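Take a look at the structure set out below.
Below, chains carry the letters A, B, ... as their sequence lines are ordered, and counting in each starts from 1. As the structure is a computational prediction, the values presented were derived from the model and not from experiment.
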Protein chains: 2
Amino acid sequence: MTPKYKVDHTGCPIAFAAEAFGDKWTLLILREVLLFKKKHFDELLSMREGIASNILASRLKGMEASGLLVKQEDPANGRRVIYSPTEKALDLLPACVELILWASKHDPETGVPADMLARIRRNRAKAIREMRAPFD
Amino acid sequence: MTPKYKVDHTGCPIAFAAEAFGDKWTLLILREVLLFKKKHFDELLSMREGIASNILASRLKGMEASGLLVKQEDPANGRRVIYSPTEKALDLLPACVELILWASKHDPETGVPADMLARIRRNRAKAIREMRAPFD
DNA sequence: CTGGATCCCAATAGATACTG
DNA sequence: CAGTATCTATTGGGATCCAG
């Protein structure tokens, strides 16, 4: 089944967030979908961190249930499934951007190019709009 | 032991973030510490969501190891322990703010007062500075 | 072939009781 | 007050299998 988060988030936005992606994989799947524009099961399955297919399936189901992704059939190929981010997921881009800035500051190994970081910092709203654009 | 995240984050800021607080409890502990200014084990133990004491202990250990918290002894009471956020944790406030805005938009149950949200949206930097102030 | 489901074992989570 | 110890329940994850 889809993972159960017994935490009751009523009233708390942070708990709501923790419930939505407070696990090791959901945030990474979101990264693949939002930032790398991945759409298909097998593309997601091949992410660098190596997710197991059963876990991916269960997370995708959970993300569908929580309204972060929608599953459709590929118009170009009836046998293919497409996962796309909902508005709710796209609205996480600002938080993702802050996480990128945070990690880039505190992790010596993050390889985000300095000029990209500078551009983001100079105009966050524009950077977010550019990230969203492919989905509009 | 402290939770193991086998995900290798080298080079990816989002994976780094997922490694730091990609679990159900770490983000909630961060909320208690950063937003509600909690300092002691028993205060954290009594959070609304009901964390078990062994889990809390293990998460605190992990957060210390990942440089989000520091543990000191209370100068006013040698037997008391104080957990405080590091700079690294405080630097997560911008992301937290975005999560609060996100959740408030997408969760009908979040009870953040509308005027507070409006203030945050009007001037994020100022809101973040105000949240940080007690720790400086 | 793509998108999963199943099985099975290892690892983690969690409740509760206990302790320095 | 700030944790451990213990024991059980859940979940994670690799390998493999199956359906469209």
Side-chain angles (χ1 to χ4, degrees), chain A residues 1-9 15 18-29 32-33 37-66 69-84, chain B residues 1-9 15 18-29 32-33 37-66 69-84:
Chain A
M1 272 291 100
T2 125
K4 289 191 197 50
Y5 301 106
K6 276 172 245 148
V7 168
D8 178 10
H9 66 278
E19 185 160 346
F21 46 86
D23 76 273
K24 196 168 42 176
W25 293 111
T26 303
L27 192 57
L28 296 176
I29 295 171
E32 300 293 311
V33 171
K37 325 298 182 200
K38 297 202 177 166
K39 298 176 169 52
H40 305 293
F41 192 91
D42 62 319
E43 290 178 314
L44 294 168
L45 195 58
S46 66
M47 74 169 89
R48 282 194 0 7
E49 287 83 2
I51 188 172
S53 68
N54 56 345
I55 305 295
L56 175 57
S58 112
R59 289 306 179 280
L60 288 173
K61 210 170 279 185
M63 293 169 77
E64 231 192 309
S66 69
L69 298 178
V70 287
K71 182 177 172 180
Q72 308 151 268
E73 98 175 4
D74 190 332
N77 178 346
R79 305 198 288 204
R80 226 144 167 203
V81 175
I82 289 187
Y83 290 96
S84 7
Chain B
M1 274 292 102
T2 125
K4 290 192 196 47
Y5 300 107
K6 275 173 248 147
V7 168
D8 177 11
H9 67 277
E19 184 160 346
F21 47 87
D23 76 273
K24 197 169 41 177
W25 294 111
T26 301
L27 193 58
L28 296 176
I29 295 171
E32 300 293 311
V33 171
K37 324 298 180 201
K38 297 201 179 167
K39 295 175 171 51
H40 304 294
F41 192 92
D42 64 318
E43 290 178 313
L44 295 168
L45 195 59
S46 66
M47 73 169 90
R48 279 186 30 314
E49 287 83 2
I51 188 171
S53 64
N54 56 347
I55 305 295
L56 175 57
S58 114
R59 290 304 180 279
L60 288 173
K61 211 168 279 186
M63 293 169 78
E64 231 192 310
S66 70
L69 297 179
V70 287
K71 181 176 171 178
Q72 306 151 270
E73 97 176 4
D74 190 331
N77 177 345
R79 303 198 288 207
R80 225 151 169 215
V81 175
I82 291 188
Y83 289 96
S84 5

Every protein N/O lying under 3.5 Å from an N/O of nucleotides 4-6 of chain C:
residue : atom : partner : partner atom : Å
C/dG4   : OP1  : A/Lys71 : NZ           : 3.0
C/dG4   : OP2  : A/Tyr83 : OH           : 2.2
C/dA5   : OP1  : A/Lys61 : NZ           : 3.2
C/dA5   : N6   : A/Ser53 : OG           : 2.9

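For A/Arg79 and A/Ile55, each mapped to the nucleotide of DNA chain D holding its nearest heavy atom, the one lying further toward the 5' end belongs to A/Ile55.
If you measure from atom CD1 of A/Ile51 to atom P of D/dG13, you get 8 Å, rounded to the nearest angstrom. To the nearest angstrom, C1' of D/dG3 lies 14 Å from CD1 of B/Ile29. Following rounding to the nearest Å, A/Glu49 (CD) and D/dG12 (P) show an atom-to-atom distance of 17 Å. Distance, A/Trp25 CH2 to C/dT12 P: 14 Å, rounded to whole Å. Straight-line distance from the CD atom of B/Glu73 to the P atom of D/dG3: 12 Å, rounded to whole Å. Counting to the nearest Å, the P atom of D/dG14 and the CG atom of A/Leu56 are 13 Å from each other. A/Met47 has its CE atom 14 Å from the C1' atom of D/dG13, to the nearest Å. Rounded to whole Å, atom C1' of C/dT12 lies 14 Å from atom CG of A/Asp23.
Here B/Met63 contributes atom CE and B/Lys71 contributes atom NZ; the two are 13.5 Å apart, rounded to the nearest 0.5 Å. A distance of 11.5 Å separates CD in B/Glu19 from OG1 in B/Thr26, rounded to the nearest 0.5 Å.
Of all heavy-atom pairs spanning B/Val81 and B/His40, the tightest one is O-ND1, 2.8 Å. Annotation for B/Leu56 and B/Phe41: closest pair CD2-O, 3.5 Å, computed over non-hydrogen atoms. The nearest pair of heavy atoms linking B/Leu44 to B/Val33 is CD2-CG2, 4.1 Å.
Between A/Arg80 and the phosphate of D/dG20, there is no side-chain N or O to OP1/OP2 separation shorter than 4.0 Å. The side chain of B/His40 places an N or O atom within less than 4.0 Å of a non-bridging phosphate oxygen (OP1 or OP2) of D/dA2. Note on B/Lys24: a side-chain N or O is less than 4.0 Å away from OP1 or OP2 of C/dG14.
Looking at A/Lys39 and A/Asp74, no side-chain N of the basic residue comes within less than 4.0 Å of a carboxylate O on the acidic one, giving no salt bridge.
When each of C/dA13, D/dC1, C/dT16 is scored by its nearest atom to the side-chain atoms of B/Ala52, the top-ranked nucleotide is C/dT16.
Looking at A/Arg80 and A/Asp42, their side chains come closer than 4.5 Å, going by heavy atoms from C-beta outward.
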